[in-house]
Amino acid sequence: MAELHHRSIQPVAELIGINKVYGQGDLSVKALDQLNLTVHDGDYLAVMGASGSGKSTAMNILGCLDRPTSGSYLLNGVMVEQLDDDALAEVRNRSLGFVFQQFHLLPQATALENVILPMIYAGIPAVERRHRAVEALKRVGLGKRLDNKPNQLSGGQQQRVAIARAIINRPALLLADEPTGALDSSTTAEVLDLFDDLHAQGITLVMVTHEDDVAARAQRIARFQDGRVKEISSSGKPLRVNP
């Protein structure tokens, strides 16, 4: 299949000197400390780290779900921290896709309806919405499950619906937060194979995981410690260590 988009020299996402502080005074907690992280077009980056290392906070900022206390976040060259709430919501819908450990599907909606939903918010015409949703579900292997509701699907199939929904608006960046955490080993392998396929087709992917074998499927692994990237490695070999 042809790639979804052409490679770009400009990074898809760039976190520059990001600090995130929760609370005030003696009760303040610094979740991110001068974090620098670049995601290039076509990257497949796994993010790892102990609880409290800052990886989840970084993902929330990448996903425009939280704002940094200071520093800059550039998404496709746009300074995200300068956007108001309405503009942020539009960025989330049009430029970002999300896959979570829990599938967050609407229980009374069919697979097709769940995938169509983001396109309604994006203002895409009804005829095109249905066509694109059907194609997306076929792409993740669920072309015969369009009318099934979540309780009629296995966990792996529900995650596939969630992935189809995440990519339906052709996002610049797909963010996956422990996407295999609720799946057995066989289904995990199937979902990771799907991520491999999407990456091969041009999707830029950042995935948080605590499992080494899951992270090994990525091109690069960023290991977080004390609110910053300790090292970035490829195939387990350190490439770059941040000061």
Side-chain angles (χ1 to χ4, degrees), residues 11-22 29-76 78-81 83 85 88-89 91-104 118 159 162-163 165-167 169 171-183 188 191-192 195 198-199 203-212 214-233 242:
V12 170
E14 193 171 11
L15 301 177
I16 305 169
I18 294 289
N19 294 294
K20 181 63 182 180
V21 179
Y22 294 103
V29 175
K30 197 165 194 176
L32 296 176
D33 182 13
Q34 289 292 312
L35 172 67
N36 296 302
L37 181 66
T38 301
V39 181
H40 298 283
D41 187 27
D43 253 352
Y44 186 171
L45 176 68
V47 175
M48 304 191 76
S51 177
S53 63
K55 63 184 188 299
S56 295
T57 302
M59 282 288 279
N60 285 339
I61 290 174
L62 281 172
C64 299
L65 300 171
D66 200 359
R67 294 179 183 269
T69 303
S70 62
S72 292
Y73 173 23
L74 278 73
L75 180 62
N76 279 339
V78 175
M79 296 185 72
V80 173
E81 71 275 8
L83 301 178
D85 290 343
L88 272 181
V91 165
R92 283 194 297 269
N93 184 254
R94 293 181 179 274
S95 299
L96 299 167
F98 299 91
V99 180
F100 300 100
Q101 179 175 340
Q102 304 303 323
F103 317 122
H104 297 304
Q159 191 61 298
I163 292 169
R165 180 183 59 190
I167 63 174
N169 282 339
L173 180 61
L174 179 61
L175 301 171
D177 192 357
E178 299 283 4
T180 62
L183 305 176
T188 289
V191 169
L192 292 175
F195 280 143
L198 292 172
H199 175 244
I203 284 280
T204 302
L205 175 63
V206 176
M207 174 177 62
V208 167
T209 181
H210 65 275
E211 300 177 67
D212 288 326
V214 172
R217 300 288 286 265
Q219 282 181 323
R220 301 190 298 150
I221 303 171
R223 300 183 186 276
F224 275 58
Q225 181 177 310
D226 299 328
R228 59 174 62 189
V229 178
K230 180 183 179 183
E231 68 177 25
I232 296 181
S233 62
N242 288 8

K.L.:
Tell me the closest heavy-atom pair linking Asn93 and Pro118, and the distance in Å.
P.N.:
ND2-O, 3.3 Å
K.L.:
Just to verify, what does Arg217 make a salt bridge (charged side-chain N to carboxylate O under 4.0 Å, His left out) with, not counting sequence neighbours?
P.N.:
Asp193, Asp196
K.L.:
Applying side-chain contact (heavy atoms from CB on, under 4.5 Å) to Asp43 and Thr38, what does each step give before you reach the verdict?
P.N.:
CA-CA 10 Å; Asp43 253 352; Thr38 301; over 6 Å; no
K.L.:
Over all heavy atoms of both residues, which pair between Ser72 and Glu81 is shortest? Give the atoms and the distance, please.
P.N.:
OG-OE2, 3.2 Å
K.L.:
Where do Gln159 and Pro179 come nearest, in terms of heavy atoms and distance?
P.N.:
NE2-O, 2.6 Å
K.L.:
Check step by step if side-chain contact (heavy atoms from CB on, under 4.5 Å) holds for Ile16 and Asn36.
P.N.:
CA-CA 5 Å; Ile16 305 169; Asn36 296 302; 4.2 Å; yes
K.L.:
Report the residues that fulfil side chain to side chain contact (heavy atoms under 4.5 Å, CB included) with Thr188, sequence neighbours left out, ordered by chain and then residue number.
P.N.:
Thr180, Leu183, Leu192, Val214
K.L.:
With sequence neighbours excluded, what pairs up with Ala166 under the side chain to side chain contact (heavy atoms under 4.5 Å, CB included) test?
P.N.:
Val99, Leu174
K.L.:
Measuring from atom CD1 of Ile221 to atom CD1 of Ile232, what distance do you get when rounded to the nearest 0.5 angstrom?
P.N.:
11.0 Å
K.L.:
Taking all non-hydrogen atoms of both residues, which atom of Cys64 and which atom of Val91 are closest, and how far apart?
P.N.:
SG-CG1, 3.9 Å
K.L.:
Got Ile163 and Val191 here, is their nearest side-chain heavy-atom distance under 4.5 Å?
P.N.:
yes
K.L.:
How would you list, by chain and number, every residue that makes a ring-ring contact (aromatic ring centres under 6.0 Å, His included) with Tyr44, sequence neighbours excluded?
P.N.:
His199
K.L.:
In chain order, what residues pass the salt bridge (charged side-chain N to carboxylate O under 4.0 Å, His left out) check against Asp212, with sequence neighbours excluded?
P.N.:
none
K.L.:
Do Leu198 and Leu205 pass the side-chain contact (heavy atoms from CB on, under 4.5 Å) test, and can you show the C-alpha distance, the side-chain angles, and the key distance before you say yes or no?
P.N.:
CA-CA 9 Å; Leu198 292 172; Leu205 175 63; over 6 Å; no
K.L.:
Just to verify, what does Ser70 make a side chain to side chain donor-acceptor pair (under 3.5 Å) with, not counting sequence neighbours?
P.N.:
Asn19
K.L.:
Is there a side-chain contact between Leu88 and Val80 (heavy atoms, below 4.5 Å)?
P.N.:
yes
K.L.:
Minimum heavy-atom separation for Thr204 and Gly42, please, with both atom names.
P.N.:
OG1-N, 2.8 Å
K.L.:
What pair of heavy atoms forms the shortest contact from Pro171 to Gly97, and how long is it?
P.N.:
CB-N, 3.5 Å
K.L.:
With a 4.5 Å cut-off on side-chain heavy atoms, are Arg220 and Leu45 touching?
P.N.:
yes
K.L.:
Quick one: side-chain hydrogen bond (donor to acceptor under 3.5 Å, both in side chains) pairs with a partner in residues 54-68, sequence neighbours left out?
P.N.:
Lys20-Asp66, Tyr22-Asp66, Arg67-Asp85
K.L.:
With sequence neighbours excluded, tell me which residues meet side chain to side chain donor-acceptor pair (under 3.5 Å) with Glu178.
P.N.:
His210
K.L.:
I need the Leu173 CG to Leu96 CG distance, nearest 0.5 Å.
P.N.:
6.0 Å
K.L.:
Backbone N or O of Ala215 within a donor-acceptor pair of the Thr209 side chain at under 3.5 Å?
P.N.:
no
K.L.:
Going by side chain to side chain contact (heavy atoms under 4.5 Å, CB included), name the residues that satisfy it together with Asn76, two or more places apart in sequence or in a different chain.
P.N.:
Gln10, Val12, Ala172
K.L.:
Looking at residues at least two apart in the chain, or sitting in another chain, which of them share a side chain to side chain contact (heavy atoms under 4.5 Å, CB included) with Val78?
P.N.:
Leu83
K.L.:
When rounded to the nearest 0.5 angstrom, what distance separates CG in Leu35 from OH in Tyr73?
P.N.:
11.5 Å
K.L.:
Going by the rule side chain to side chain donor-acceptor pair (under 3.5 Å), which residues pair with His104 if we only count those two or more places apart in sequence or in a different chain?
P.N.:
none
K.L.:
Is any side-chain heavy atom of Leu15 less than 4.5 Å from a side-chain heavy atom of Leu32?
P.N.:
no
K.L.:
Say you draw a straight line from CE of Met207 to CG of Leu175; how long is it, rounded to the nearest 0.5 Å?
P.N.:
12.0 Å
K.L.:
Please test Arg94 against Asn169 for side-chain contact (heavy atoms from CB on, under 4.5 Å), starting from the C-alpha separation and ending with a verdict.
P.N.:
CA-CA 6 Å; Arg94 293 181 179 274; Asn169 282 339; 5.7 Å; no
K.L.:
To the nearest 0.5 angstrom, please state how far the CE atom of Met79 sits from the CD atom of Glu14.
P.N.:
10.5 Å
K.L.:
What distance separates Lys230 NZ from Arg223 CZ, expressed to the nearest 0.5 Å?
P.N.:
9.0 Å
